[in-house]
Amino acid sequence: MRKKIVAGNWKMNLDYNEGVSLFSEIVNMVKDERQGDQLAIICAPFIHLNSLSKLGGSDVAIGAQNIHDKENGAYTGEISAKMVKSIGAEYVILGHSERRQYQAESDELLAAKTKIALSNNLKPIFCIGETLDERNNGSYYEILKKQLVNGIFSLTEEDFRKVVIAYEPVWAIGTGLTASPEQAQDIHAFIRSEIEANYGFNVADDTTILYGGSCNPGNAASLFAQKDIDGGLIGGASLKSRDFTDIIKALNS
Ligand code: 13P
C-alpha cells in the first residue's frame with residue numbers, strides 16, 4: 001500500500017525563531033489529526049533542520065529543500081546529502097521548478113543529486129511539472145516524461161521505491177490557480193502509467209505521487225479524492241499551522 005503524505009515546503013521563509021514556533025504548533029496539531037501510516041513532512045531551510053528534527057519526534061518528518069550533487073569538497077557555501085542526513089532529516093526536495101528556473105538545474109544535475117541523496121539514505125521528493133506555455137501548446141506529456149526519464153528512471157527498482165514524486169504544474173505554483181482535480185488526476189494517472197512501463201505494476205502501484213500548486217484547505221479534499229493523488233506538496237499554506245493541519249485532515253475525508 002502506498003503512503004499518503006502531506007509535505008510542507010517552507011521555501012525561503014521564516015527566521016530561526018519563527019520556524020521553531022510554527023513547527024512546534026504544527027507538531028502539536030498534527031498529533032491529533034494524523035491517522036495510521038499517513039505521513040507529515042516539513043521541508044525547511046537548512047538553518048532549521050537540526051532543531052526541527054529534535055522537535056518533530058515520530059509525528060512530523062523533516063526534509064531539506066536542496067543538496068549538492070557531490071559527496072564533499074571545495075564547494076563554498078554548499079550543503080551535502082551526508083550533512084543533511086547527519087542532523088536527522090529523512091527527505092529532500094529535488095527538481096522543484098523554482099530551482100530548475102532560477103538555479104538552472106538540469107535533468108542531468110538532478111539525476112546526480114537524486115543518486116547522491118539515495119546513497120546517503122535521504123529519500124527524494126522529486127518534482128516535475130510543465131509551464132503554462134507547455135500546457136497551452138500541448139507538449140506537456142512529453143515534457144513530464146522527459147523529466148521522469150532523465151531524472152529518475154535510470155534508478156534501480158530498489159532505489160526508485162524510495163522516491164516520492166510530486167506533480168507541480170508551474171502555472172499553479174503560488175498563483176492561486178490550482179489544477180482541477182480532473183486535470184491533476186489525468187497527469188497522475190499518466191505518471192503512474194509511465195512508472196508501470198518502466199518498473200512494472202507493483203512498483204507503480206506502490207509509488208506515492210503528490211500534487212502541488214496552490215493546494216489549500218478549500219481544495220485539498222477534492223484533489224485527494226482522486227485515485228492517483230496520494231497527498232500534497234504544500235507551499236504557502238504550510239506557513240500557517242491551521243491550514244497545514246486542515247490539509248492533513250483532508251487526507252482522511
Ligand atoms: P504553493 O502551494 O504556494 O502554490 O507552492 C507549491 C509548491 O511549490 C510546493 O513545493
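When a ligand or atom number is given, it counts from 1 through the structure's own listing order. Keep in mind that what you see is a predicted model, and the values were worked out from it rather than measured.
Close N/O approach between Glu98 and ligand 1 is not found [any backbone or side-chain N/O within under 3.5 Å]. At under 3.5 Å, a nitrogen or oxygen of Asn9, whether backbone or side chain, sits near a nitrogen or oxygen of ligand 1.
Partner of Arg2 under the side chain to side chain donor-acceptor pair (under 3.5 Å) criterion, chosen from Asp230, Thr208, Asp206: Asp230.
Ligand-side atoms of ligand 1 in range of Leu233: 9 (C), 10 (O), range being under 4.0 angstrom from any heavy atom. Atoms of ligand 1 found under 4.0 Å from any heavy atom of Glu168 (numbered from 1 in listed order, with element): 6 (C), 7 (C), 8 (O), 9 (C), 10 (O). Near Gly236, the atoms of ligand 1 lying under 4.0 angstrom from a non-hydrogen atom of the residue are 1 (P), 2 (O), 3 (O). For ligand 1, the atoms closer than 4.0 angstrom to any heavy atom of Gly213 are 4 (O), 6 (C). Under a 4.0 Å criterion applied to the non-hydrogen atoms of Lys11, ligand 1 contributes the atoms 5 (O), 6 (C), 7 (C), 8 (O). Numbered from 1 in the order shown, with element, the atoms of ligand 1 that lie under 4.0 Å from a heavy atom of Ala172 read 4 (O).
Taken from CD1 in Ile42 to CG in Leu55, the straight-line distance is 12.0 Å, to the nearest 0.5 Å. To the nearest 0.5 Å, atoms CG (Asn66) and CZ (Arg99) are separated by 3.5 Å.
Salt bridge status for Arg192 with Asp228: present, with a side-chain N to carboxylate O gap under 4.0 Å. Taking a cutoff of 4.0 Å between a charged side-chain nitrogen and a carboxylate oxygen, Asp159 and Lys115 do not qualify as a salt bridge. The existence of a salt bridge linking Lys113 and Glu105 is confirmed by a sub-4.0 Å separation between a basic side-chain nitrogen and an acidic carboxylate oxygen. Taking 4.0 Å as the cut-off between side-chain N and carboxylate O, Lys11 and Glu98 count as a salt-bridged pair.
Distances shorter than 4.0 angstrom do not occur between any heavy atom of Ser238 and any atom of ligand 1. Distances from ligand 1 to the non-hydrogen atoms of Ala237 include no value under 4.0 Å.
For the residue pair Gln65 and His96, no side-chain donor N or O sits within less than 3.5 Å of a side-chain acceptor on the partner.
With hydrogens left out, the protein atom closest to atom 2 (O) of ligand 1 is Gly235 N, 2.9 Å, a heavy atom.
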